[in-house]
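First the structure, in the form of structure tokens, and then the observations on it.
When a residue number appears, it is its place in the shown sequence, counting from 1. Because the structure is a prediction, the values reported are computed rather than measured.
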Amino acid sequence: MEKLLILGGGYGGMRILNHLTDMTLPEELEITLIDREPYHCMKTEYYALAAGTTSDQDVRVTFPEHPRLKVINGHITDINLQDQQVEINNDRYESYDTLIIGLGSEDKFHNIPGADTHTLGIQSINSVRETAQNLQNIHKNGTVSIVGAGLSGIEVASELHESRPDLTIRLFDRGDRILSTFPEKVSEYVHDWFSEHGVQVVNRANITKVEPGILYNKDEPVHTDTIVWTAGIQPHHLVRNLDVEKDHAQRIILSDHHFIPEADNVFVIGDCASSDHAPSAQLAEAQGDQIIKVLQSRWNNEPLPDLSEIKSRGTLGSLGKKKGFGLFMGNTPLTGRVARLLKSGVLWLYRYHNG
């Protein structure tokens, strides 16, 4: 029996599972998915769950079912590439012939004192639930500070404004303008939206320390009821601990066919994989599509396929329920109602095809 082990049911893992459960499998193949949750979680919608404008159930999608698919719910505590086994909950082991690592990312705190213990996050479903409860329990006219004005920070801030318009919301960004990687037209549109809706954008911020209820910007204390951290991500700690070659962001450097060069039976996907593209759900799905092609070639004893370059279809973000922003088909700026409708359509299609 050949054992295919998939670590993580995120966007990449889910894409691979959908392919596997729809195709004719090798007779001796056994598939095992290990994930902390009993369902796929739509991480791109965590901002709305954190802000309280969508329900917990709305960000869940059921894993596919198949007679040869086994799903194990548990915490992965070790990956042993040499012995080809994975430890679960410190007391259970699963061996593999082929491994796919898609464990996603964790918050990156940049060695700022107190940031890891005195802030709330949105990188896991459990952290989002804690953040949502905290934000909805803040007293009337309270203050929320959001550190990091990338896509996640902007969406949390705008959605929270709709959910709790009584709150004072401050968005701290290190750059001269928010969304610095986007065209200036998009940055200005988002900044103007925040100004019109009373969300304070603090540019050129430098968070030096965090204490309970206090955020230090350039060593000056800023008092706040809650701090939400959206200031960067890094690969899962088990991936960072693997003794393999990594890039400057601690993501694993892979062959052109998405496997570790010194362990060609181990594939890496999503936020854990080194790539020229920024981490995203669509990138993880595209990597999943290509890994399936590689696996099929191996199962059929064929040469590895030529894989085309992965290209971005664009990035879409929301500003509440009515407005949005983004880049369409890679580089065409979009703002306003159309961008929000497009994002809603992409979300609906994902749920329709996966639910």
- Task: Using distance alone, with no hydrogens and no angle criterion, decide if D192 and S195 have a side-chain donor and acceptor under 3.5 Å apart.
- Result: no
- Is it the case that T77 and E87 place a side-chain donor and acceptor less than 3.5 Å from each other? yes
Nearest heavy atoms of [X] and [Y], plus distance in Å:
X: K323; Y: R340; answer: O-CD, 3.2 Å
X: S280; Y: D271; answer: N-OD1, 4.4 Å
X: G314; Y: Q282; answer: O-NE2, 2.5 Å

- residues 171-183 vs salt bridge (charged side-chain N to carboxylate O under 4.0 Å, His left out), sequence neighbours excluded, gives D176-R204
- salt bridge (charged side-chain N to carboxylate O under 4.0 Å, His left out) contacts in which one or both residues fall within residues 233-244, not counting sequence neighbours: E106-R240
Is any side-chain heavy atom of [X] less than 4.5 Å from a side-chain heavy atom of [Y]?
X: L4; Y: F267; result: no
X: I154; Y: L151; result: no
X: R164; Y: I138; result: yes
X: L7; Y: V86; result: yes
X: L167; Y: T143; result: no
X: S95; Y: K3; result: yes
X: L99; Y: Q84; result: no
X: I101; Y: I269; result: no

Take a 6.0 Å sphere around [atom1] of [X] and say whether it holds more than 12 heavy atoms from other residues, nucleotides or ligands.
X: E245; atom1: CD; result: no
X: K246; atom1: NZ; result: yes
X: Q133; atom1: CD; result: no
X: D166; atom1: CG; result: yes
X: D83; atom1: CG; result: yes
X: Q57; atom1: CD; result: no
X: N141; atom1: CG; result: yes

- Query: Which residues satisfy the salt bridge (charged side-chain N to carboxylate O under 4.0 Å, His left out) test with R251, sequence neighbours excluded?
  - Reply: none
- Message: Under the rule for salt bridge (charged side-chain N to carboxylate O under 4.0 Å, His left out), what residues qualify as partners of R92, not counting sequence neighbours?
- Response: E94
Should [X] and [Y] be regarded as members of a common hydrophobic cluster, given that ILVMFWY residues are connected when their side-chain heavy atoms come within less than 4.5 Å of each other, either directly or indirectly?
X: Y96; Y: L33; value: no
X: L327; Y: V190; value: yes
X: V147; Y: L135; value: no
X: I100; Y: L81; value: no
X: L171; Y: I227; value: no

- Item | Summary of ring pair (Phe, Tyr, Trp, His ring centres under 6.0 Å) pairs that have at least one residue in residues 274-313, sequence neighbours excluded | none
- Query: Which residue pairs pass the ring pair (Phe, Tyr, Trp, His ring centres under 6.0 Å) test when at least one of the two sits in residues 15-50, sequence neighbours left out?
  - Reply: Y11-H40, H40-Y350
- Query: Has R170 got its NZ or CZ under 6.0 Å from the middle of the six-membered ring of F194, at an angle within 45 degrees of the ring axis?
  - Reply: no
Just by modelled atom types, is the [Y] backbone N or O under 3.5 Å from a matching donor or acceptor in the [X] side chain?
X: D58; Y: T54; answer: no
X: D247; Y: A249; answer: yes
X: D35; Y: E37; answer: yes
X: Q250; Y: N241; answer: no

- State whether E309 and K311 are salt-bridged, where the test is any N-O pair (Lys NZ or Arg NE/NH1/NH2 against Asp/Glu carboxylate O) under 4.0 Å. no
- So, R60 and D56, do they make that salt bridge, N to O below 4.0 Å? yes
- Query: Looking at residues at least two apart in the chain, or sitting in another chain, which of them share a side chain to side chain donor-acceptor pair (under 3.5 Å) with N73?
  - Reply: none
- Note on the structure: By ring pair (Phe, Tyr, Trp, His ring centres under 6.0 Å), H161 pairs with (sequence neighbours left out) H197
- Item | All pairs passing side-chain hydrogen bond (donor to acceptor under 3.5 Å, both in side chains) where residues 217-235 contributes a residue, at least two apart | N134-T226, H139-D225, S145-T224, T208-D219
- Task: Check V239, L103, I260 against V268 for a side-chain contact (heavy atoms from CB on, under 4.5 Å) and give me the one that passes.
- Result: I260
- Query: When you look at Q290 and H258, which way does the side-chain hydrogen bond (donor to acceptor under 3.5 Å, both in side chains) test go after all the steps?
  - Reply: CA-CA 8 Å; Q290 294 192 345; H258 306 289; 2.7 Å; yes
- Task: If you link ILVMFWY side chains whenever their heavy atoms are less than 4.5 Å apart, which other residues fall into the same cluster as I214? By chain and number, please.
- Result: Y216
Output side-chain donor-acceptor pairs under 3.5 Å for residues 119-128, partner residues at least two apart or in another chain, one line each.
{"from": "T119", "atom 1": "OG1", "to": "A115", "atom 2": "O", "distance (Å)": "2.6"}
{"from": "Q123", "atom 1": "OE1", "to": "K43", "atom 2": "NZ", "distance (Å)": "2.8"}
{"from": "Q123", "atom 1": "OE1", "to": "S105", "atom 2": "OG", "distance (Å)": "3.2"}
{"from": "S124", "atom 1": "OG", "to": "S127", "atom 2": "N", "distance (Å)": "3.1"}
{"from": "S124", "atom 1": "OG", "to": "S127", "atom 2": "OG", "distance (Å)": "3.1"}
{"from": "N126", "atom 1": "OD1", "to": "R129", "atom 2": "NH1", "distance (Å)": "3.2"}
{"from": "S127", "atom 1": "OG", "to": "Q123", "atom 2": "N", "distance (Å)": "3.4"}
{"from": "S127", "atom 1": "OG", "to": "S124", "atom 2": "N", "distance (Å)": "3.0"}
{"from": "S127", "atom 1": "OG", "to": "S124", "atom 2": "O", "distance (Å)": "2.8"}

- Message: According to side-chain contact (heavy atoms from CB on, under 4.5 Å), who are the partners of D116, at least two apart in sequence or on a separate chain?
- Response: F109
